Protein chains: 2
Amino acid sequence: MTGYAGRSEPRRMLSLLWREDPPPRPGPKPALTVDAIVDAAIELADARGMDGVSMRAVGERLGRTGMALYSYVPGRDSLTELMYDRVHEELAAAPGSSRPWRAAVSDWADRLLAMHLRHPWTLRVSFARPVMGPHEQSALESLAVALEDTGLPPSSRRGVVAALFHQVRGTAATVAEARAAAAVTGQTDRQWWSRRAAALRQVVPDFVERFPATVRLHADPEPVTEDDGPFLEAPARRAYRRGMSMLLDGVAAAVADHSESPG
Amino acid sequence: MTGYAGRSEPRRMLSLLWREDPPPRPGPKPALTVDAIVDAAIELADARGMDGVSMRAVGERLGRTGMALYSYVPGRDSLTELMYDRVHEELAAAPGSSRPWRAAVSDWADRLLAMHLRHPWTLRVSFARPVMGPHEQSALESLAVALEDTGLPPSSRRGVVAALFHQVRGTAATVAEARAAAAVTGQTDRQWWSRRAAALRQVVPDFVERFPATVRLHADPEPVTEDDGPFLEAPARRAYRRGMSMLLDGVAAAVADHSESPG
DNA sequence: TGGCGACTCCTTACTTCGTAAGCTAATATA
DNA sequence: TATATTAGCTTACGAAGTAAGGAGTCGCCA
């Protein structure tokens with residue numbers, strides 16, 4: 001069961017996240033640091049995926065046994081949360097705060113998407129119960145700042161925040177999955193897809209008659225023009241752009257509506 | 001590593017999903033059926049979560065050992081996909097096809113959300129690589145039908161489909177997480193939250209000064225008036241409604257724009 | 001300054017998981 | 001009827017998280 005935040009003692013976990021330095025204590029000097037452990041775990045996760053991050057593997061990477069880590073970190077889930085907060089450091093603050101809200105928000109989402117794609121294992125940590133670490137918080141803060149320029153009330157802004165997170169995380173999951181499957185099965189995603197389609201034609205020969213609207217939905221595929229990645233990745237990225245643009249259109253409409261008759 | 005579709009032989013998996021009945025074969029008569037196994041697994045998953053669904057546990061529920069299941073199903077991941085497709089049966093087809101697209105789409109999303117909340121373990125199966133079972137397909141078909149009434153081109157419709165899935169799945173994950181945490185920790189989500197807030201105040205006393213926009217974002221909480229569930233569940237549901245409404249506003253704008261100047 | 005006690009890190013062991021291997025008994029087809 | 005093939009069992013392997021306990025190390029107070 002990975003991905004549930006807040007299972008352990010909240011005080012201990014928050015203390016770790018915010019790097020409260022502990023008072024000097026008796027006993028041998030710690031040879032490791034939480035940061036070193038988290039770094040090693042992130043390297044492992046980036047290279048081999050979250051399943052490659054076992055306590056033993058992380059310990060081994062640091063020249064220790066797996067059990068040695070338990071002096072620094074309550075357990076594996078807590079380590080995951082620490083990793084999660086850490087990579088949010090990469091989300092640099094928005095350049096200038098004087099840009100129009102739409103550009104700022106759209107940029108923010110793109111940067112979050114890029115972060116998730118650099119570290120796909122972050123998608124295993126649920127957005128539901130925020131980890132509430134410093135870097136995650138400051139990422140949220142910069143979005144919150146951008147959204148205040150809309151003039152919308154807090155309740156509406158919360159709706160936008162949730163929608164943005166869902167859109168970004170869903171897209172990231174789709175793209176990451178396509179990549180992972182390609183890596184695991186050893187075949188390109190195009191091969192994977194064509195094999196699957198051939199098998200489907202065999203098993204369900206009347207697919208076109210039974211699901212006509214679905215077939216029409218996938219008609220008219222656009223050529224891959226830009227750098228939106230390999231075969232299966234491209235449609236996900238285009239859908240992301242379109243979905244985001246429609247969502248922001250809706251937000252803009254709400255902004256116009258609200259500035260006409262505020263309150 | 002749960003949740004990756006299409007790991008096993010695609011032909012075998014599709015044959016299982018679409019219930020191709022195999023030709024009579026030598027050997028003892030099978031005492032079980034795939035359906036019985038899938039049903040047992042779903043009951044277990046609903047009751048104890050996906051972690052309660054081990055091959056041994058499912059076998060035991062059917063009076064067999066875990067290994068007995070491998071005659072029917074290639075492995076655990078495949079079983080998960082079968083479970084996933086099965087519960088999509090609950091997504092009844094949309095009532096009348098003559099309703100306006102917005103109502104039809106909104107209803108569809110609500111029904112999908114309800115399904116995910118009845119079976120939160122479905123969220124472990126990625127939307128990225130569709131399982132392509134019969135029930136999942138017919139759920140997608142009814143959405144595709146509703147979207148054709150918009151008159152939007154396929155590429156735009158695909159964007160809407162993706163956005164809808166992301167919103168629904170993200171919301172479902174949020175709500176499910178709140179429920180799971182309450183069940184696991186034994187404390188109500190209100191207790192969980194207040195403890196966490198207290199701990200945060202201790203560890204980061206200057207939180208309000210450091211993250212003012214975040215604090216303002218969470219200001220002005222609305223009273224829980226309707227049946228949107230317990231404490232932490234309510235904001236997720238309200239955010240869902242607001243987000244969905246803004247998204248559909250954006251779609252409506254695109255519809256208006258497109259019917260003015262099609263092509 | 002001596003020693004108490006808390007600490008780090010190790011080894012060992014327990015549990016649970018998915019599933020590979022190989023056995024026996026049952027059965028459709030030649 | 002002989003044979004090949006299957007279902008379902010037992011056994012076992014490797015990997016996972018982590019509990020338990022011991023050995024050595026150091027801060028703090030008498």
Side-chain angles (χ1 to χ4, degrees), chain A residues 1-4 7-9 12 15-16 21-37 40-41 44-45 48-83 121 124 184, chain B residues 1-4 7-9 12 15-16 21-37 40-41 44-45 48-83 121 124 184:
Chain A
M1 173 81 53
T2 58
Y4 283 156
R7 198 74 75 89
S8 62
E9 293 297 322
R12 170 89 194 273
S15 171
L16 280 169
D21 32 23
R25 291 182 297 184
K29 298 235 159 150
L32 299 178
T33 61
V34 173
D35 278 305
I37 293 172
L44 268 176
R48 298 185 221 165
M50 204 52 171
D51 288 349
V53 184
S54 67
M55 299 302 269
R56 285 178 243 258
V58 176
E60 201 171 347
R61 197 177 184 89
L62 295 165
R64 300 291 136 86
T65 57
M67 289 308 291
L69 309 183
Y70 284 87
S71 311
Y72 300 88
V73 160
R76 202 212 177 198
D77 286 355
S78 300
L79 177 55
T80 306
E81 296 183 30
L82 290 169
M83 295 163 66
W121 47 268
R124 295 247 195 138
V184 167
Chain B
M1 173 82 52
T2 58
Y4 283 157
R7 197 72 77 88
S8 62
E9 295 297 321
R12 170 90 195 275
S15 171
L16 279 169
D21 31 23
R25 292 182 297 185
K29 298 234 159 148
L32 298 178
T33 61
V34 173
D35 278 305
I37 293 172
L44 268 176
R48 299 186 222 165
M50 205 52 170
D51 289 348
V53 184
S54 68
M55 298 302 268
R56 285 177 242 256
V58 177
E60 200 171 347
R61 197 177 184 89
L62 295 165
R64 300 290 135 88
T65 56
M67 288 309 291
L69 309 183
Y70 284 87
S71 312
Y72 300 88
V73 160
R76 203 212 175 198
D77 286 356
S78 300
L79 178 55
T80 306
E81 296 184 29
L82 290 169
M83 294 163 65
W121 46 268
R124 294 245 196 141
V184 167

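So you know, we letter chains A, B, ... as the sequences are listed, proteins then strands, and number each from 1. Scope of the values below: all heavy atoms of this structure, side chains included, with no hydrogens, waters or symmetry mates. Not measured: the values here are computed from a predicted model.
Backbone-only contact: B:Tyr72 has heavy atoms under 4.0 Å from sugar-phosphate atoms and none from a base. Among the heavy atoms of the strands, none lies under 4.0 Å from B:Val73. Backbone-only contact: A:Ser54 has heavy atoms under 4.0 Å from sugar-phosphate atoms and none from a base. Note on A:Gly75: only backbone sugar-phosphate atoms sit closer than 4.0 angstrom, heavy atoms only; bases stay farther off.
In this structure, NZ of B:Lys29 is placed 15 Å from C1' of D:dT5, rounded to the nearest angstrom. We find that CD1 of B:Ile37 is positioned 11 Å from P of D:dA7, with the value rounded to whole Å. Rounded to a whole Å, the CZ atom of A:Arg76 is 15 Å from the P atom of D:dA19. A straight line from CE of B:Met55 to P of D:dC9 spans 13 Å, rounded to a whole angstrom. Distance CG (B:Leu69) to C1' (D:dA7): 12 Å, rounded to an integer number of Å. Straight-line distance from the CG atom of A:Leu79 to the C1' atom of D:dG17: 13 Å, rounded to whole Å.
At least one side-chain heavy atom of B:Thr80 sits less than 4.5 Å from a side-chain heavy atom of B:Met50. Side-chain contact between B:Arg61 and B:Leu44 is present, with at least one heavy-atom pair separated by less than 4.5 Å. Side-chain contact check for A:Leu69 versus A:Arg76: every heavy-atom pair is 4.5 Å or farther apart. Annotation: side chain of A:Pro74 is in contact with side chain of A:Arg12 (closest heavy-atom distance under 4.5 Å).
The shortest non-hydrogen separation linking A:Arg64 to A:Ala31 is NH1-CB, 3.2 Å. The two residues A:Val58 and A:Ala40 make their nearest non-hydrogen contact at CG1-CB, 4.3 Å.
Atom OG of residue A:Ser71 and atom CD1 of residue A:Ile37 lie 8.0 Å apart, to the nearest 0.5 angstrom. Rounding to the nearest 0.5 Å gives a distance of 6.0 Å between CG of A:Leu79 and CE of A:Met55.
The main-chain N or O of B:Leu32 is found under 3.5 Å from a side-chain atom of B:Tyr72 such that the two form a donor-acceptor pair.
Heavy-atom nearest nucleotides on DNA chain D were determined for B:Arg56 and for B:Pro30, and the one closer to the 5' end corresponds to B:Pro30.
In the 5' to 3' direction, nucleotides of DNA chain C lying under 4.0 Å from heavy atoms of chain A begin and end at C:dG5 to C:dA13.
Under 4.0 angstrom from either OP1 or OP2 of D:dA7 there lies at least one side-chain N or O belonging to B:Arg25.
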All N/O contacts under 3.5 Å from nucleotides 20-24 of chain D to the protein, with atom names and distances to one decimal?
none

